[in-house]
Amino acid sequence: AFVAEMNRQAKELGCTSSHFVNPDGMTAEGHQTTARDMLLIARHANTFTAIRQCVVKSAVSTEIGGKSVYWKNSNEMIHPANRYHYPYIIGMKTGFTTPAGYCLVGTANRIGEEVITVVMGADSSDDRFRDTKTLFEAAFAHNG
């Protein structure tokens with residue numbers, strides 16, 4: 001039911017080349033999307049305050065069943081001490097599967113100008129961060 005709703009919502013957002021068969025993006029027969037569709041989904045997700053507050057965090061810790069659990073954000077552009085840190089980054093989502101390669105939907109805001117980028121099929125994790133920075137810089141240079 002959840003995946004059926006994902007597909008319905010994707011169509012409602014204007015996604016024309018996506019079909020989801022699981023909620024986590026892992027490789028599965030018939031599971032597909034495009035950079036354009038990921039942009040539409042990211043733009044919509046970015047309208048929710050709770051999502052915006054989560055994707056900008058470098059790490060989260062909590063207690064589950066009496067055990068302390070820690071998650072580090074895999075978006076290296078978020079972490080100030082990281083070589084890929086981007087000062088205007090406000091988040092979004094990394095991904096990787098063997099067929100899709102290294103992916104990153106990134107959001108950045110510089111002086112009130114917000115940009116969303118989508119990198120899919122990068123050969124390495126480093127490449128997705130470098131490509132995303134290049135796209136951010138090009139977009140901000142173009143917008144003045």
Side-chain angles (χ1 to χ4, degrees), residues 2-28 30-64 67-144:
F2 184 83
V3 174
E5 180 62 14
M6 287 173 59
N7 285 308
R8 190 195 68 72
Q9 282 280 323
K11 282 188 179 19
E12 187 176 296
L13 293 173
C15 298
T16 57
S17 301
S18 292
H19 178 74
F20 304 111
V21 296
N22 61 49
D24 56 22
M26 298 310 293
T27 302
H31 190 92
Q32 65 184 43
T33 193
T34 63
R36 177 191 173 276
D37 287 357
M38 281 289 97
L39 173 65
L40 295 173
I41 292 166
R43 186 184 307 158
H44 180 66
N46 211 31
T47 66
F48 295 93
T49 301
I51 291 175
R52 290 175 71 94
Q53 290 173 341
C54 288
V55 299
V56 73
K57 292 181 179 182
S58 60
V60 176
S61 60
T62 191
E63 198 168 296
I64 299 175
K67 293 183 179 183
S68 182
V69 180
Y70 176 84
W71 289 281
K72 180 179 180 239
N73 190 329
S74 59
N75 184 349
E76 309 254 344
M77 300 180 89
I78 296 277
H79 305 282
N82 190 284
R83 66 184 165 149
Y84 293 113
H85 179 255
Y86 189 72
Y88 308 112
I89 193 88
I90 54 175
M92 212 40 90
K93 178 73 178 86
T94 61
F96 172 81
T97 63
T98 300
Y102 291 86
C103 305
L104 174 59
V105 176
T107 55
N109 186 313
R110 190 185 80 181
I111 314 168
E113 190 74 33
E114 195 158 308
V115 173
I116 299 174
T117 61
V118 179
V119 170
M120 299 173 83
D123 291 331
S124 71
S125 186
D126 290 348
D127 286 347
R128 71 177 160 192
F129 298 123
R130 278 194 295 268
D131 291 349
T132 297
K133 180 180 179 183
T134 299
L135 289 170
F136 282 149
E137 292 299 315
F140 289 131
H142 176 73
N143 290 330

Answer whether the closest heavy-atom distance between the side chains of Asp126 and Tyr102 falls below 4.5 Å.
no
Side-chain heavy atoms of Met77 within contact of Asn82, under 4.5 Å
no
Shortest non-hydrogen contact from Asn7 toward Ser18:
OD1-O, 4.5 Å
So, for Pro23 and Met6, which heavy atoms are closest and what is the spacing to 0.1 Å?
CA-SD, 3.7 Å
Around Asp123, counting heavy atoms of other residues, nucleotides and ligands shown, do more than 12 lie under 6.0 Å from its CG?
no
Roughly how far, to the nearest 0.5 Å, is CZ of Arg83 from CZ of Phe129?
9.5 Å
Determine whether Glu137 and Tyr86 satisfy the following criterion, side-chain contact (heavy atoms from CB on, under 4.5 Å), listing intermediate values before the conclusion.
CA-CA 10 Å; Glu137 292 299 315; Tyr86 189 72; 2.6 Å; yes
side-chain contact (heavy atoms from CB on, under 4.5 Å) evaluation trace for Arg52 with Ile90
CA-CA 8 Å; Arg52 290 175 71 94; Ile90 54 175; 3.7 Å; yes
Judged by atom type as modelled, is there a donor-acceptor pair below 3.5 Å linking the side chain of Asp37 to the main-chain atoms of Ser17?
yes
Between Cys15 and Thr33, is the side-chain contact (heavy atoms from CB on, under 4.5 Å) condition met? List the steps.
CA-CA 9 Å; Cys15 298; Thr33 193; over 6 Å; no
Thr16 vs Arg36, side-chain contact (heavy atoms from CB on, under 4.5 Å): CA-CA, chis, key distance, verdict
CA-CA 9 Å; Thr16 57; Arg36 177 191 173 276; 3.8 Å; yes
Can you name the nearest heavy-atom pair linking Ile89 to Phe136, along with the distance?
CD1-CE1, 3.7 Å
Tell me the closest heavy-atom pair linking Asn73 and Lys57, and the distance in Å.
ND2-O, 2.9 Å
Answer yes or no: is there a donor N or O on one side and an acceptor on the other, between the side chain of His79 and the main chain of Ala59, under 3.5 Å?
no
Any side-chain donor near an acceptor of the partner, Tyr84 and Asn75, under 3.5 Å:
no
Give the minimum heavy-atom separation between Gly91 and Ile78, together with the two atoms involved.
CA-CD1, 3.7 Å
Under the criterion salt bridge (Lys or Arg N to Asp or Glu O under 4.0 Å), I'd like the reasoning laid out for Arg8 against Glu5: C-alpha separation, chi angles, the key distance, then a yes or no.
CA-CA 5 Å; Arg8 190 195 68 72; Glu5 180 62 14; 2.7 Å; yes
Check the side chains of Ser125 and Arg128 for a donor-acceptor pair under 3.5 angstrom, ignoring hydrogens and angles.
yes
Approximate separation, where rounding is to 0.5 Å, of Met92 CE and Asn46 CG:
4.0 Å
Value for CD1 (Ile116) from CG (Asn109), rounded to nearest 0.5 Å, stands at 11.0 Å
Hey, what do you get for NE2 (His31) to CE (Met26), rounding to the nearest 0.5 Å?
9.5 Å
Nearest 0.5 Å please: distance from the CG atom of Leu104 over to the CZ atom of Phe96.
14.5 Å
Taking the side chain as C-beta and beyond, is there a heavy-atom pair between Gln9 and Ile41 under 4.5 Å?
no
When rounded to the nearest 0.5 angstrom, what is the spacing between CG in Leu39 and CG in Leu13?
11.0 Å
Taking the inter-plane angle between the rings of Tyr88 and Phe140 on a 0 to 90° scale, is it parallel (under 30°), tilted (30 to 60°) or perpendicular (over 60°)?
perpendicular
Nearest atoms (heavy-atom pairs only) where Ala28 meets Val21
CB-CG2, 3.3 Å
